[in-house]
Amino acid sequence: ARTIFDNPNLPLTIEIGFGMGSSLVQMAKDAPERNFLGIEVHIPGIAQCAYDAGQAGITNLRIMDADALEVLAGIPDGSVDRVQLYFPDPWQKKRHFKRRFVAPERMALIVQKLTLGGWFHAATDWQPYAEWMIDVLEQVTELDNVYGKAQFAPRPDWRPKTKFERRGEVAGHGVWDVIYKRV
């Protein structure tokens, strides 16, 4: 995956499901010392992200229209410094829980791809999903919670607010971040 960048030696951040991409473009602009790969299937979001990145002259961002699990499966193990998952679909109905991205089998794949010390960072405005994330991630022995066992992370200032985050705040939802490090 690193070979698709002008400078393949920079740390690699992968964002899964970047939506319309405004926060991903902002992060790439704010952190030229990192490469960013955004994976999305929503064509209007891909188009908007590509347009915004082009307008801003960003060179450390690549975008893929693909299934994130397939992309991750094809990336060398231990080659990703950060995986970001911001405001994924919480799949609120019990019969849909199997569709949630944060699940033991998907986290096993994430762990395989992370460098030692690499991060998995997720954020949600749906408290039951936030608690689910902690429950799942605490069971992954190769991951340590950066903020202590079963703790939520304070909102990092380097994560721009997303449309879904602002929408959640307007609806009176809290926002929960989790950051786990590969050990």
Side-chain angles (χ1 to χ4, degrees), residues 1-88 101-102 107 109-125 143-147 152-169 175-183:
R2 292 178 184 270
T3 58
I4 63 175
F5 292 94
D6 297 340
N7 184 347
N9 299 320
L10 297 179
L12 176 60
T13 297
I14 295 180
E15 183 160 344
I16 298 168
F18 58 77
M20 296 306 279
S22 61
S23 66
L24 179 58
V25 168
Q26 188 63 51
M27 281 185 281
K29 187 175 176 183
D30 292 346
E33 72 283 359
R34 302 186 75 78
N35 284 326
F36 291 82
L37 172 61
I39 306 169
E40 179 58 75
V41 294
H42 181 64
I43 299 299
I46 293 167
Q48 187 66 55
C49 186
Y51 176 79
D52 292 346
Q55 289 296 106
I58 293 172
T59 60
N60 61 330
L61 171 62
R62 300 294 183 268
I63 302 166
M64 292 183 79
D65 171 8
D67 178 290
L69 296 172
E70 291 176 13
V71 172
L72 287 167
I75 289 175
D77 291 352
S79 67
V80 180
D81 300 280
R82 287 189 188 162
V83 175
Q84 301 176 167
L85 179 73
Y86 298 149
F87 303 91
F101 191 88
V102 177
M107 296 321 303
L109 178 62
I110 297 292
V111 164
Q112 263 185 288
K113 303 308 168 178
L114 284 173
T115 59
L116 270 178
W119 285 8
F120 173 72
H121 179 199
T124 183
D125 67 331
L143 292 176
D144 268 355
N145 188 318
V146 173
Y147 288 90
F152 292 107
R155 185 190 181 288
D157 56 3
W158 45 263
R159 180 176 63 72
K161 283 195 176 181
T162 69
K163 177 181 79 175
F164 284 104
E165 183 172 6
R166 288 189 295 274
R167 189 182 292 168
E169 287 174 342
V175 172
W176 294 268
D177 282 76
V178 295
I179 300 177
Y180 280 76
K181 180 173 67 174
R182 171 84 164 89
V183 291

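Quantities reported herein were computed from a predicted structural model and do not represent experimental measurements.
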* Structure fact -> All heavy atoms of Thr13 vs all of Arg34, minimum pair found to be OG1-NE, 2.8 Å
* Asked: Would Ile43 and Asp65 count as a side-chain contact (heavy atoms from CB on, under 4.5 Å) if you check the C-alpha gap in whole Å, the side-chain angles of each, and the deciding distance to 0.1 Å?
  -> CA-CA 8 Å; Ile43 299 299; Asp65 171 8; 3.2 Å; yes
* **Heavy-atom check, side chain of Leu72 versus side chain of Ile110, under 4.5 Å** => yes
* **Nearest-0.5 Å distance, OH of residue Tyr86 to OG1 of residue Thr162** => 10.0 Å
* Asked: Going by heavy atoms in the side chains, are Met64 and Val71 under 4.5 Å from each other?
  -> yes
* With rounding to the nearest 0.5 Å, note down the distance linking CG in Leu143 to CE in Met107. => 6.0 Å
Between side-chain atoms of residues 15-29 and protein atoms elsewhere (two or more places apart, or another chain), which donor-acceptor pairs fall under 3.5 Å?
| from | atom 1 | to | atom 2 | distance (Å) |
| --- | --- | --- | --- | --- |
| Glu15 | OE1 | Gln84 | NE2 | 3.0 |
| Gln26 | NE2 | Asp30 | OD1 | 2.9 |
| Gln26 | NE2 | Asp30 | OD2 | 3.3 |

* To do: Report yes if the side chains of Phe152 and Val178 come closer than 4.5 Å at any heavy-atom pair, otherwise no.
  => yes
* Any chance you could lay out the side-chain contact (heavy atoms from CB on, under 4.5 Å) test for Phe5 and Leu10, step after step, and finish with the verdict? => CA-CA 9 Å; Phe5 292 94; Leu10 297 179; over 6 Å; no
* Measure the shortest side-chain to side-chain distance between Asp77 and Lys113 over non-hydrogen atoms and say whether it is less than 4.5 angstrom. => yes
* Of all residues at least two apart in sequence or in a different chain, which pass the salt bridge (charged side-chain N to carboxylate O under 4.0 Å, His left out) check with Lys161? -> Glu169
* Shortest non-hydrogen contact between Ile63 and Cys49, atoms and distance -> CD1-SG, 3.6 Å
* For Val111 and Phe120, run side-chain contact (heavy atoms from CB on, under 4.5 Å): C-alpha distance rounded to whole Å, both residues' side-chain angles, the deciding distance at 0.1 Å, then the answer. => CA-CA 8 Å; Val111 164; Phe120 173 72; over 6 Å; no
* Asked: Minimum heavy-atom separation for Gly38 to Leu61, with atom names?
  -> N-CD1, 4.3 Å
* For Asn145 and Tyr180, which heavy atoms make the closest approach, and how far apart are they? -> ND2-OH, 3.1 Å
* Asked: Can we say Arg62 and Asp6 salt-bridge, meaning some charged N sits less than 4.0 Å from an Asp/Glu carboxylate O?
  -> yes
* To do: Look at the side chain of Asp81 and the backbone N and O of Leu12, then say whether any donor-acceptor pair between them is shorter than 3.5 Å.
  => yes
* Structure fact -> Between Phe101 and Leu69 the two heavy atoms that sit nearest each other are CE1-CD2, 3.7 Å
* **Parallel, tilted or perpendicular: rings of His121 and Trp158 (30°, 60°)** => perpendicular
* To the nearest 0.5 Å, what is the distance between CD1 (Ile179) and OH (Tyr147)? -> 5.0 Å
* Does Phe36 have any ring pair (Phe, Tyr, Trp, His ring centres under 6.0 Å) partners at least two apart in sequence or in another chain, and if so, which? -> none
* Provide the closest heavy-atom pair for Thr115 versus Gly78 in the form atom of the first, atom of the second, distance. => CG2-O, 3.3 Å
